[in-house]
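The structure appears right after this line, and notes come after that.
Since we're looking at a predicted model, the values are computed, not measured.
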Amino acid sequence: MTQALSGAALAALIAVCWLLGRPKPRLLSSTDTAQVAALNRSQMELVLAEPDGPSPEPAEEEAPHWPRDARSRQQLLAELERQFRAGGDQRQQAMAACRAWGHRAALPLIRRGLKDADTTVVSLAAEAMAAFRGRSTAARQPTQNAPLPRNVSRTR
């Protein structure tokens, strides 16, 4: 038993010497976090500041008048379909028009845009589809409150 206690005491002594002999990490006296924080704040102000330059969309163009009746809606859809099939820049313009229009009639074209090979068209289609995410308009109609089941005490 004395050998076990002497071994434990020797192990404890070695552990204490090892812990006391380790060099302690010293912080540099030149480390000043206030300067780093000030630099970060100034960089964030540059990033978050609104650009004072012209807006990316041209101001001289007036907003298009979107169709209100079924016939003009079909004409617009046919035109967008033609642009979409033409490819290239016209395909991007068609997706941008679908996004700006925001009508449910453009959903089939937007769905095809989501599967396009051009990443710009896909991103425009995703932005256009974002307006249609969530519950449908049929589900938004007010529903009547259904009576509680007879065994409601078991469900709570």
Side-chain angles (χ1 to χ4, degrees), residues 1-61 63-64 66 80-81 83-156:
M1 179 116 164
T2 58
Q3 291 177 346
L5 287 177
S6 63
L10 183 62
L13 181 64
I14 290 173
V16 168
C17 290
W18 179 71
L19 287 174
L20 291 177
R22 285 180 39 204
K24 294 170 183 61
R26 296 179 185 234
L27 290 175
L28 299 174
S29 61
S30 65
T31 305
D32 186 16
T33 58
Q35 292 176 349
V36 175
L39 178 65
N40 287 342
R41 278 192 299 275
S42 65
Q43 293 296 322
M44 288 300 292
E45 288 174 2
L46 291 175
V47 171
L48 297 177
E50 301 240 352
D52 293 335
S55 64
E57 297 183 20
E60 62 271 0
E61 286 186 23
W66 301 113
L80 291 174
E81 179 73 28
Q83 283 183 343
F84 190 80
R85 286 186 182 168
D89 192 34
Q90 289 185 352
R91 182 174 287 180
Q92 293 175 6
Q93 290 174 356
M95 274 301 119
C98 287
R99 179 177 155 239
W101 186 22
H103 195 272
R104 294 182 98 50
L107 276 175
L109 191 62
I110 294 170
R111 286 187 187 113
R112 275 193 284 157
L114 287 172
K115 299 174 187 173
D116 198 77
D118 187 6
T119 57
T120 308
V121 173
V122 173
S123 65
L124 286 170
E127 290 173 7
M129 186 62 83
F132 299 104
R133 300 268 186 231
R135 298 177 64 169
S136 67
T137 55
R140 290 183 189 152
Q141 294 175 354
T143 58
Q144 296 178 357
N145 292 337
L148 294 173
R150 290 179 64 194
N151 58 355
V152 72
S153 62
R154 293 183 188 174
T155 60
R156 289 187 183 179

- Heavy atoms only: give me the nearest I110-C98 pair and the separation to one decimal. CG1-CB, 3.9 Å
- Note on the structure: One should read off an interatomic distance between Q92 CD and F84 CZ, to the nearest 0.5 angstrom, of 11.0 Å
- Side-chain touch Q43/N40, heavy atoms, less than 4.5 angstrom: no
- So, for A96 and L124, which heavy atoms are closest and what is the spacing to 0.1 Å? N-CD1, 4.2 Å
- Does a side-chain heavy-atom distance below 4.5 Å link M95 with L109? yes
- pair M129-R111: side-chain heavy atoms closer than 4.5 Å: yes
- Take D116 and R91, measure what salt bridge (charged side-chain N to carboxylate O under 4.0 Å, His left out) needs, and give me the verdict at the end. CA-CA 10 Å; D116 198 77; R91 182 174 287 180; 2.6 Å; yes
- Task: Would you please test R85 and E81 for salt bridge (charged side-chain N to carboxylate O under 4.0 Å, His left out) and show each step?
- Result: CA-CA 6 Å; R85 286 186 182 168; E81 179 73 28; 3.0 Å; yes
